[in-house]
Trainee: 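Take a look at the following structure, please.
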Number of protein chains: 2
Amino acid sequence: MVVDQLSDAEIDRLFHALADATRRDIVAKVMAGEYSVSGLAALYAMSFAAVQKHVAVLERASLVTKQKRGREQIVRVHYEGLQRARRLLDEYEAIWRQRADRIADILAEG
Amino acid sequence: MVVDQLSDAEIDRLFHALADATRRDIVAKVMAGEYSVSGLAALYAMSFAAVQKHVAVLERASLVTKQKRGREQIVRVHYEGLQRARRLLDEYEAIWRQRADRIADILAEG
DNA sequence: ATATCCTACAACCAAATGGTTGTAGATCAA
DNA sequence: TTGATCTACAACCATTTGGTTGTAGGATAT
(Lines give C-alpha, C1' and ligand atoms only; values in the text may rest on other atoms or scores of the structure.)
Protein backbone atom coordinates (compact mmCIF):
# COMPACT_ATOMS: atom_id res chain seq x y z
CA MET A 1 0.00 0.00 0.00
CA VAL A 2 1.83 3.01 -1.27
CA VAL A 3 1.09 6.16 0.65
CA ASP A 4 2.06 9.66 -0.26
CA GLN A 5 5.04 10.79 1.85
CA LEU A 6 3.68 9.56 5.17
CA SER A 7 5.52 7.18 7.41
CA ASP A 8 3.71 4.40 9.21
CA ALA A 9 4.01 6.37 12.44
CA GLU A 10 2.35 9.40 10.88
CA ILE A 11 -0.48 7.27 9.51
CA ASP A 12 -0.84 5.65 12.94
CA ARG A 13 -1.22 9.09 14.50
CA LEU A 14 -3.71 10.24 11.90
CA PHE A 15 -6.05 7.30 12.25
CA HIS A 16 -5.57 7.23 16.01
CA ALA A 17 -6.45 10.91 16.22
CA LEU A 18 -9.70 10.19 14.38
CA ALA A 19 -10.52 7.09 16.44
CA ASP A 20 -12.25 9.19 19.08
CA ALA A 21 -15.61 10.94 18.82
CA THR A 22 -14.52 13.94 20.84
CA ARG A 23 -11.51 14.56 18.63
CA ARG A 24 -13.59 14.20 15.46
CA ASP A 25 -15.97 16.73 16.89
CA ILE A 26 -13.12 19.10 17.73
CA VAL A 27 -11.89 18.89 14.14
CA ALA A 28 -15.42 19.55 12.86
CA LYS A 29 -15.87 22.55 15.12
CA VAL A 30 -12.50 24.00 14.33
CA MET A 31 -13.23 23.67 10.60
CA ALA A 32 -16.46 25.59 11.05
CA GLY A 33 -15.23 28.42 13.21
CA GLU A 34 -12.53 29.81 15.41
CA TYR A 35 -12.00 28.43 18.87
CA SER A 36 -9.58 28.83 21.70
CA VAL A 37 -8.68 25.78 23.74
CA SER A 38 -10.86 26.96 26.61
CA GLY A 39 -13.64 27.82 24.14
CA LEU A 40 -13.51 24.23 22.95
CA ALA A 41 -13.28 22.96 26.51
CA ALA A 42 -16.52 24.73 27.36
CA LEU A 43 -18.33 22.53 24.84
CA TYR A 44 -17.46 19.16 26.36
CA ALA A 45 -18.36 17.49 29.64
CA MET A 46 -14.77 16.91 30.64
CA SER A 47 -11.98 18.84 32.26
CA PHE A 48 -9.98 21.51 30.48
CA ALA A 49 -6.89 19.30 30.75
CA ALA A 50 -8.70 16.46 28.97
CA VAL A 51 -9.62 18.68 26.02
CA GLN A 52 -6.07 19.96 26.02
CA LYS A 53 -4.85 16.39 25.67
CA HIS A 54 -7.23 15.78 22.76
CA VAL A 55 -5.98 18.93 21.04
CA ALA A 56 -2.41 17.70 21.58
CA VAL A 57 -3.24 14.40 19.88
CA LEU A 58 -4.72 16.30 16.93
CA GLU A 59 -1.62 18.51 16.78
CA ARG A 60 0.66 15.50 16.71
CA ALA A 61 -1.46 14.14 13.86
CA SER A 62 -0.99 17.48 12.06
CA LEU A 63 -4.73 18.03 11.82
CA VAL A 64 -4.73 21.25 13.86
CA THR A 65 -2.32 23.96 14.92
CA LYS A 66 -2.36 26.39 17.77
CA GLN A 67 -1.68 30.11 17.52
CA LYS A 68 -1.17 32.33 20.54
CA ARG A 69 -3.39 35.41 20.83
CA GLY A 70 -2.87 37.17 24.12
CA ARG A 71 -3.52 34.61 26.81
CA GLU A 72 -5.53 32.39 24.47
CA GLN A 73 -4.31 29.68 22.12
CA ILE A 74 -6.47 29.65 18.99
CA VAL A 75 -6.92 26.19 17.48
CA ARG A 76 -7.00 26.12 13.71
CA VAL A 77 -7.27 23.53 11.02
CA HIS A 78 -3.79 22.65 9.79
CA TYR A 79 -4.22 23.18 6.07
CA GLU A 80 -1.26 21.14 4.85
CA GLY A 81 -1.90 18.40 7.37
CA LEU A 82 -5.48 18.20 6.29
CA GLN A 83 -4.44 17.98 2.65
CA ARG A 84 -2.07 15.14 3.43
CA ALA A 85 -4.78 13.39 5.47
CA ARG A 86 -7.16 13.85 2.56
CA ARG A 87 -4.74 12.31 0.11
CA LEU A 88 -4.14 9.39 2.47
CA LEU A 89 -7.85 8.73 2.84
CA ASP A 90 -8.19 9.19 -0.92
CA GLU A 91 -5.58 6.51 -1.53
CA TYR A 92 -7.21 4.10 0.85
CA GLU A 93 -10.53 4.80 -0.78
CA ALA A 94 -9.11 4.24 -4.26
CA ILE A 95 -7.46 0.97 -3.27
CA TRP A 96 -10.64 -0.20 -1.65
CA ARG A 97 -12.77 0.86 -4.59
CA GLN A 98 -10.48 -1.00 -6.98
CA ARG A 99 -10.74 -4.18 -4.96
CA ALA A 100 -14.48 -3.79 -4.43
CA ASP A 101 -15.01 -3.24 -8.16
CA ARG A 102 -13.10 -6.43 -8.95
CA ILE A 103 -15.25 -8.35 -6.49
CA ALA A 104 -18.36 -6.81 -8.08
CA ASP A 105 -17.15 -7.89 -11.57
CA ILE A 106 -16.52 -11.43 -10.38
CA LEU A 107 -19.94 -11.58 -8.75
CA ALA A 108 -21.55 -10.23 -11.94
CA GLU A 109 -19.97 -13.04 -13.96
CA GLY A 110 -21.36 -15.71 -11.65
CA MET B 1 -20.36 15.92 10.43
CA VAL B 2 -23.02 13.77 8.92
CA VAL B 3 -21.89 10.24 8.34
CA ASP B 4 -23.67 7.57 6.41
CA GLN B 5 -25.37 5.15 8.79
CA LEU B 6 -22.43 4.72 11.14
CA SER B 7 -22.59 5.33 14.83
CA ASP B 8 -19.76 7.06 16.65
CA ALA B 9 -18.73 3.71 18.11
CA GLU B 10 -18.48 2.15 14.65
CA ILE B 11 -16.42 5.06 13.37
CA ASP B 12 -14.20 4.77 16.46
CA ARG B 13 -13.62 1.10 15.67
CA LEU B 14 -12.91 1.78 12.02
CA PHE B 15 -10.29 4.43 12.60
CA HIS B 16 -8.85 2.53 15.56
CA ALA B 17 -8.54 -0.58 13.40
CA LEU B 18 -6.53 1.42 10.88
CA ALA B 19 -4.37 3.14 13.51
CA ASP B 20 -1.88 0.26 13.51
CA ALA B 21 0.64 -0.62 10.82
CA THR B 22 0.23 -4.36 11.30
CA ARG B 23 -3.53 -4.17 10.85
CA ARG B 24 -3.21 -1.97 7.77
CA ASP B 25 -0.83 -4.51 6.36
CA ILE B 26 -3.21 -7.37 7.13
CA VAL B 27 -6.00 -5.55 5.28
CA ALA B 28 -3.66 -4.97 2.32
CA LYS B 29 -2.59 -8.60 2.19
CA VAL B 30 -6.09 -9.92 2.52
CA MET B 31 -7.24 -7.62 -0.31
CA ALA B 32 -4.50 -9.02 -2.55
CA GLY B 33 -4.92 -12.72 -1.82
CA GLU B 34 -6.39 -15.37 0.37
CA TYR B 35 -4.96 -16.04 3.79
CA SER B 36 -5.74 -18.17 6.78
CA VAL B 37 -5.10 -16.72 10.22
CA SER B 38 -2.00 -18.89 10.62
CA GLY B 39 -0.94 -17.98 7.07
CA LEU B 40 -1.09 -14.34 8.08
CA ALA B 41 0.60 -15.08 11.39
CA ALA B 42 3.58 -16.57 9.53
CA LEU B 43 4.23 -13.17 7.94
CA TYR B 44 4.71 -11.18 11.14
CA ALA B 45 7.32 -11.29 13.89
CA MET B 46 4.80 -11.81 16.65
CA SER B 47 2.88 -14.68 18.17
CA PHE B 48 -0.12 -16.33 16.54
CA ALA B 49 -2.33 -15.01 19.36
CA ALA B 50 -1.21 -11.44 18.63
CA VAL B 51 -2.17 -11.71 14.97
CA GLN B 52 -5.42 -13.29 16.05
CA LYS B 53 -6.12 -10.24 18.19
CA HIS B 54 -5.39 -7.91 15.26
CA VAL B 55 -7.76 -9.90 13.05
CA ALA B 56 -10.40 -9.65 15.78
CA VAL B 57 -10.02 -5.85 15.83
CA LEU B 58 -10.46 -5.78 12.03
CA GLU B 59 -13.51 -8.02 12.32
CA ARG B 60 -15.09 -5.73 14.91
CA ALA B 61 -14.44 -2.84 12.53
CA SER B 62 -16.21 -4.84 9.78
CA LEU B 63 -13.16 -4.66 7.53
CA VAL B 64 -12.63 -8.42 7.35
CA THR B 65 -14.59 -11.60 7.91
CA LYS B 66 -13.53 -15.14 8.68
CA GLN B 67 -14.79 -18.25 6.95
CA LYS B 68 -14.06 -21.75 8.18
CA ARG B 69 -12.47 -24.14 5.72
CA GLY B 70 -11.56 -27.42 7.36
CA ARG B 71 -9.35 -26.57 10.29
CA GLU B 72 -8.41 -23.19 8.85
CA GLN B 73 -10.20 -19.86 9.18
CA ILE B 74 -9.87 -17.92 5.93
CA VAL B 75 -9.71 -14.16 6.37
CA ARG B 76 -11.45 -12.16 3.68
CA VAL B 77 -12.15 -8.58 2.95
CA HIS B 78 -15.63 -7.71 4.20
CA TYR B 79 -17.12 -6.22 1.06
CA GLU B 80 -19.97 -4.27 2.66
CA GLY B 81 -17.81 -3.13 5.52
CA LEU B 82 -15.19 -1.90 3.11
CA GLN B 83 -17.82 -0.01 1.13
CA ARG B 84 -19.09 1.67 4.27
CA ALA B 85 -15.53 2.51 5.30
CA ARG B 86 -14.95 3.92 1.83
CA ARG B 87 -18.00 6.12 2.04
CA LEU B 88 -16.97 7.33 5.47
CA LEU B 89 -13.48 8.23 4.29
CA ASP B 90 -15.06 9.79 1.21
CA GLU B 91 -17.24 12.00 3.37
CA TYR B 92 -14.33 13.07 5.52
CA GLU B 93 -12.35 13.77 2.38
CA ALA B 94 -15.17 15.79 0.86
CA ILE B 95 -15.66 17.86 4.00
CA TRP B 96 -11.97 18.50 4.26
CA ARG B 97 -11.69 19.39 0.57
CA GLN B 98 -14.55 21.81 0.88
CA ARG B 99 -12.93 23.56 3.82
CA ALA B 100 -9.48 23.48 2.23
CA ASP B 101 -10.89 24.97 -0.98
CA ARG B 102 -12.50 27.80 0.97
CA ILE B 103 -9.20 28.50 2.68
CA ALA B 104 -7.48 28.43 -0.71
CA ASP B 105 -10.06 30.91 -2.10
CA ILE B 106 -9.55 33.24 0.84
CA LEU B 107 -5.79 33.03 0.47
CA ALA B 108 -6.10 33.69 -3.28
CA GLU B 109 -8.04 36.85 -2.56
CA GLY B 110 -5.36 38.17 -0.22
C1' DA C 1 -5.79 -44.37 16.85
C1' DT C 2 -2.30 -41.05 16.96
C1' DA C 3 0.35 -37.07 15.58
C1' DT C 4 0.18 -32.74 13.65
C1' DC C 5 -1.76 -28.52 12.58
C1' DC C 6 -5.01 -24.75 13.33
C1' DT C 7 -7.68 -22.03 16.16
C1' DA C 8 -9.86 -19.72 20.41
C1' DC C 9 -9.31 -17.80 24.53
C1' DA C 10 -7.75 -17.08 29.44
C1' DA C 11 -4.42 -15.07 32.19
C1' DC C 12 -0.70 -12.25 32.52
C1' DC C 13 2.37 -8.12 31.75
C1' DA C 14 4.04 -3.53 30.30
C1' DA C 15 2.80 0.42 27.98
C1' DA C 16 -0.47 3.59 26.30
C1' DT C 17 -4.71 6.03 26.75
C1' DG C 18 -8.26 9.12 28.47
C1' DG C 19 -9.66 11.20 32.15
C1' DT C 20 -8.86 13.82 36.82
C1' DT C 21 -6.86 17.25 40.24
C1' DG C 22 -3.43 20.46 41.46
C1' DT C 23 0.22 23.80 40.67
C1' DA C 24 2.16 27.57 38.40
C1' DG C 25 3.10 31.03 34.89
C1' DA C 26 1.27 34.32 31.32
C1' DT C 27 -2.05 37.67 29.95
C1' DC C 28 -6.06 40.54 30.33
C1' DA C 29 -9.40 43.46 32.90
C1' DA C 30 -10.47 46.38 36.59
C1' DT D 1 -1.63 46.09 41.99
C1' DT D 2 -4.98 42.64 42.19
C1' DG D 3 -8.30 39.40 40.51
C1' DA D 4 -9.80 36.71 36.80
C1' DT D 5 -8.95 34.00 32.89
C1' DC D 6 -6.23 31.01 30.03
C1' DT D 7 -2.84 27.66 29.39
C1' DA D 8 0.79 23.86 30.22
C1' DC D 9 2.04 20.05 32.47
C1' DA D 10 2.99 16.76 36.36
C1' DA D 11 1.16 13.17 38.93
C1' DC D 12 -2.29 10.10 39.53
C1' DC D 13 -5.91 6.51 38.39
C1' DA D 14 -8.71 3.14 35.84
C1' DT D 15 -9.14 1.16 31.57
C1' DT D 16 -7.59 -0.30 27.20
C1' DT D 17 -4.20 -2.01 24.23
C1' DG D 18 -0.75 -5.01 22.20
C1' DG D 19 1.91 -8.46 23.10
C1' DT D 20 3.10 -13.15 25.52
C1' DT D 21 2.54 -18.08 27.19
C1' DG D 22 -0.30 -21.88 28.13
C1' DT D 23 -4.30 -24.82 27.66
C1' DA D 24 -7.67 -27.11 25.14
C1' DG D 25 -10.74 -28.41 21.41
C1' DG D 26 -11.46 -29.29 16.38
C1' DA D 27 -9.88 -30.89 11.88
C1' DT D 28 -6.58 -33.07 8.90
C1' DA D 29 -2.96 -36.38 7.76
C1' DT D 30 -0.83 -40.63 8.60
Side-chain angles (χ1 to χ4, degrees), chain A residues 7-30 33-78, chain B residues 7-30 33-78:
Chain A
S7 69
D8 269 339
E10 287 172 303
I11 302 174
D12 283 359
R13 286 195 285 275
L14 176 68
F15 280 121
H16 172 72
L18 295 172
D20 181 272
T22 301
R23 289 199 288 276
R24 291 195 296 275
D25 197 65
I26 289 174
V27 173
K29 284 184 160 56
V30 144
E34 187 175 90
Y35 289 85
S36 63
V37 179
S38 58
L40 284 170
L43 305 171
Y44 302 100
M46 62 178 70
S47 68
F48 171 84
V51 173
Q52 203 175 35
K53 284 192 172 191
H54 282 303
V55 172
V57 171
L58 292 169
E59 270 190 290
R60 288 201 295 276
S62 301
L63 290 174
V64 303
T65 60
K66 289 191 303 193
Q67 184 175 1
K68 196 180 183 66
R69 186 196 294 161
R71 65 189 167 193
E72 293 184 329
Q73 290 273 18
I74 304 299
V75 182
R76 284 175 154 58
V77 162
H78 185 234
Chain B
S7 68
D8 270 340
E10 288 172 304
I11 302 173
D12 284 358
R13 285 194 286 273
L14 176 67
F15 280 120
H16 172 73
L18 294 173
D20 181 273
T22 301
R23 290 197 290 276
R24 290 196 296 276
D25 198 64
I26 289 174
V27 173
K29 284 184 160 55
V30 146
E34 189 175 88
Y35 289 84
S36 62
V37 179
S38 58
L40 284 170
L43 304 173
Y44 301 99
M46 62 179 68
S47 68
F48 171 85
V51 172
Q52 204 175 33
K53 284 192 173 191
H54 281 305
V55 172
V57 171
L58 291 169
E59 270 190 290
R60 287 201 295 275
S62 302
L63 291 175
V64 302
T65 59
K66 289 191 302 191
Q67 183 175 3
K68 199 181 181 64
R69 185 197 292 163
R71 64 188 172 189
E72 293 185 329
Q73 290 273 19
I74 304 300
V75 182
R76 287 178 149 66
V77 161
H78 185 234

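In the text below, chain A, chain B and the rest are named by the order of the sequence lines, each starting its count at 1.
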Trainee: Taking only residues two or more places apart in sequence or in another chain, which ones pass side-chain contact (heavy atoms from CB on, under 4.5 Å) with A61(B)?
Mentor: R13(B), A17(B), L63(B)
Trainee: In this structure, how many angstroms lie between the P atom of dC6(D) and the OH atom of Y35(A), rounded?
Mentor: 15 Å
Trainee: Quick one: salt bridge (Lys or Arg N to Asp or Glu O under 4.0 Å) partners of K53(B), sequence neighbours excluded?
Mentor: none
Trainee: Could you state the CZ-P distance from F15(B) to dT17(C), rounded to the nearest angstrom?
Mentor: 18 Å
Trainee: State which residues pass side-chain contact (heavy atoms from CB on, under 4.5 Å) with A45(A); sequence neighbours excluded, sorted by chain then number.
Mentor: none
Trainee: Does R76(B) have any salt bridge (Lys or Arg N to Asp or Glu O under 4.0 Å) partners at least two apart in sequence or in another chain, and if so, which?
Mentor: E34(B)
Trainee: Given atom CD of Q73(A) and atom P of dT5(D), what is their separation to the nearest angstrom?
Mentor: 19 Å
Trainee: Using the salt bridge (Lys or Arg N to Asp or Glu O under 4.0 Å) criterion, which residues pair with D20(B)? Sequence neighbours excluded.
Mentor: none
Trainee: Any chance you could list the contact pattern along nucleotides 17-24 of chain D? Use B for base contacts, S for sugar-phosphate-only contacts and - for none, protein heavy atoms under 4.0 Å, 5' to 3'.
Mentor: -BBBB---
Trainee: Quick check on dT7(C): is either OP1 or OP2 less than 4.0 Å from any side-chain nitrogen or oxygen of Q52(B)?
Mentor: no
Trainee: Quick one: side-chain hydrogen bond (donor to acceptor under 3.5 Å, both in side chains) partners of K29(B), sequence neighbours excluded?
Mentor: D25(B)
Trainee: Taking salt bridge (Lys or Arg N to Asp or Glu O under 4.0 Å) as the test, write out the residues that go with E10(A), two or more places apart.
Mentor: none
Trainee: May I have the distance from Y44(A) (atom OH) to dG18(C) (atom P), rounded to whole angstrom?
Mentor: 15 Å
Trainee: Report the distance from atom NE2 of H54(B) to atom CG of L40(B), rounding to the nearest 0.5 Å.
Mentor: 11.0 Å
Trainee: Scan nucleotides 25-30 of chain C against the protein and return all N/O pairs shorter than 3.5 Å with their distances rounded to 0.1 Å.
Mentor:
residue: dT27(C); atom: O3'; partner: R71(A); partner atom: N; Å: 3.3
residue: dT27(C); atom: O2; partner: R71(A); partner atom: NH1; Å: 3.3
residue: dC28(C); atom: O4'; partner: R71(A); partner atom: NH1; Å: 3.3
residue: dC28(C); atom: O2; partner: R71(A); partner atom: NH1; Å: 3.4

